[in-house]
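Every number for a ligand or one of its atoms is a count from 1 in the order of the listing.
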Amino acid sequence: MAYKKEESFDEKVTAGLIENYRGAIELLGEDPEREGLLKTPERMAKAMQYLTQGYGLDAKAILNGAKFTEAYSEMVIVKDIELYSMCEHHMLPFFGKAHVAYIPNGYITGLSKIARVVDVFSRRMQVQERLTHQILDAIQETLEPQGVAVVIEAQHLCMMMRGVSKQNSVTTTSAFSGQFEHAATRAEFMKLISSDLISRR
Ligand SMILES: Nc1nc2c(ncn2[C@@H]2O[C@H](COP(=O)(O)OP(=O)(O)OP(=O)(O)O)[C@@H](O)[C@H]2O)c(=O)[nH]1
Ligand SMILES: [Zn+2]
């Protein structure tokens, strides 16, 4: 996506974050004046703005920007969209894959826009459940399709690096609307996202 370049970050926000991160580094027992850490508060300030830039992006505008009239009314699935987000409880990353489908009702959207919408909502402080619903709602409300399905599988560093320290747990969340509320349609979607057609060629 058109990710923000570092130099486009708001100067005031960057300056404030630098100040805060310098303090945090000191409180954690490090010396922010030592050579290797001199630029670290600034790097952190920019990295965090990058990782939360979704607040400034409009998912509906992205989808509407490539909304095309089309009679196709079968399921469209974009699967294995990698995502990186930040858990809002610990500000630690969670990462994994999103699988998104919709059944058009007169309109389709550019395929890349589905992946961009995943990024818009991932690049924020999140919980996986809300992220799942926000993706679904944005697609439902702009394309007004016959249905939307979103499945996210993710690993949370807050459960891996600290706390309960479970290295292999994967959290799956899902949200369905319209036609996907019917068992048969949902089953078809689940079967298709579980298949591995490309790699079997
Ligand atoms: N539902 C949900 N919970 C999350 C997500 N990311 C992190 N969490 C959980 O948020 C909870 C916060 O619980 P607290 O008891 O307040 O925090 P904590 O003492 O750090 O919890 P532990 O991680 O168990 O040590 C933890 O159980 C996390 O595993 C998410 O995306 N969705
Ligand atoms: Zn967490």
Side-chain angles (χ1 to χ4, degrees), residues 1 3-4 9 13-14 16-30 37 40-41 43-60 62-63 77-102 113-142 147-178 180-181 186 189-190 192-194:
M1 69 194 302
Y3 287 125
K4 276 194 183 174
F9 292 135
V13 174
T14 304
L17 284 169
I18 289 173
E19 203 51 37
N20 278 284
Y21 281 131
R22 201 190 308 278
I25 288 170
E26 218 159 20
L27 285 168
L28 291 170
E30 258 290 1
L37 296 186
T40 297
R43 294 189 194 98
M44 292 171 78
K46 289 176 176 171
M48 281 302 162
Q49 286 176 90
Y50 182 90
L51 297 177
T52 55
Q53 65 183 274
Y55 293 116
L57 299 169
D58 181 345
K60 290 185 184 174
I62 288 170
L63 289 165
I77 304 181
V78 185
K79 69 171 205 167
D80 293 337
I81 304 168
E82 67 264 34
L83 70 87
Y84 296 90
S85 190
M86 304 288 283
C87 120
E88 69 180 19
H89 305 115
H90 303 95
M91 278 292 269
L92 285 171
F94 65 92
F95 58 95
K97 286 177 176 175
H99 314 291
V100 180
Y102 70 103
K113 307 305 179 194
I114 303 283
R116 285 181 192 276
V117 167
V118 171
D119 280 348
V120 165
F121 294 114
S122 299
R123 302 281 186 197
R124 299 175 185 209
M125 294 172 69
Q126 272 292 11
V127 293
Q128 191 176 324
E129 293 91 331
R130 188 191 317 124
L131 172 60
T132 309
H133 276 285
Q134 285 177 329
I135 295 168
L136 181 134
D137 290 345
I139 297 170
Q140 185 66 49
E141 288 164 22
T142 45
V148 183
V150 180
V151 169
I152 295 178
E153 307 169 272
Q155 291 187 282
H156 292 244
L157 282 187
C158 67
M159 284 180 68
M160 297 165 75
M161 291 179 73
R162 57 161 296 290
V164 74
S165 293
K166 296 299 177 200
Q167 309 308 320
N168 296 304
S169 74
V170 177
T171 303
T172 303
T173 46
S174 57
F176 302 98
S177 67
F180 288 98
E181 285 168 26
R186 191 183 294 204
F189 165 70
M190 295 306 280
L192 288 167
I193 63 171
S194 310

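Within the 4.0 Å cut-off (strictly below), a protein heavy atom is located near atom 1 (N) of ligand 1. Counting only heavy atoms, the protein never gets under 4.0 Å from atom 24 (O) of ligand 1. Distance remark: protein heavy atom present below 4.0 angstrom from atom 32 (N) of ligand 1. Less than 4.0 angstrom separates atom 16 (O) of ligand 1 from none of the non-hydrogen atoms of the protein.
A parallel orientation is assigned to the rings of Y84 and F95, their planes being inclined by less than 30° (bins at 30° and 60°). Between H156 and F94, the angle of the ring planes stays under 30°, which puts this pair in the parallel group of the 30/60° scheme.
One distance of note links CG of L37 with CD of E26; it measures 11.0 Å at 0.5 Å rounding.
Angle SG(C158) to the Zn ion (ligand 2) to ND1(H90): 110° [nearest 10 degrees].
At the top of the distance list for atom 6 (N) of ligand 1, counting protein heavy atoms only, stands H156 ND1, 3.2 Å.
The two residues G54 and R124 have their closest heavy-atom pair at O-NH2, 2.9 Å.
For atom 26 (C) of ligand 1, the candidate residues are H90, M86, Q128, M159; the nearest heavy-atom contact is made by H90. The closest non-hydrogen atom to atom 21 (O) of ligand 1, taken over R162, E129, H89, comes from R162.
Heavy atoms of Q126 found under 4.0 angstrom from ligand 1: none, in either backbone or side chain.
Although no hydrogens or angles enter the test, the distance criterion places no donor-acceptor pair under 3.5 Å between the side chain of E153 and the main chain of V170.
More than 12 heavy atoms of other residues, nucleotides or ligands lie within 6.0 Å of CD in E141, so this atom counts as buried by the packing criterion. With a 6.0 Å radius and a threshold of 12 heavy atoms from other residues, nucleotides or ligands, K97 has its NZ atom at or below the threshold.
In summary, the atoms of ligand 1 found under 4.0 Å from a heavy atom of C158, numbered by their order in the structure, are 7 (C). Listed by number with element, the atoms of ligand 1 under 4.0 angstrom from any heavy atom of G163 are 25 (O).
If you check the side chains of Q126 and S85, you find no donor sitting under 3.5 Å from an acceptor.
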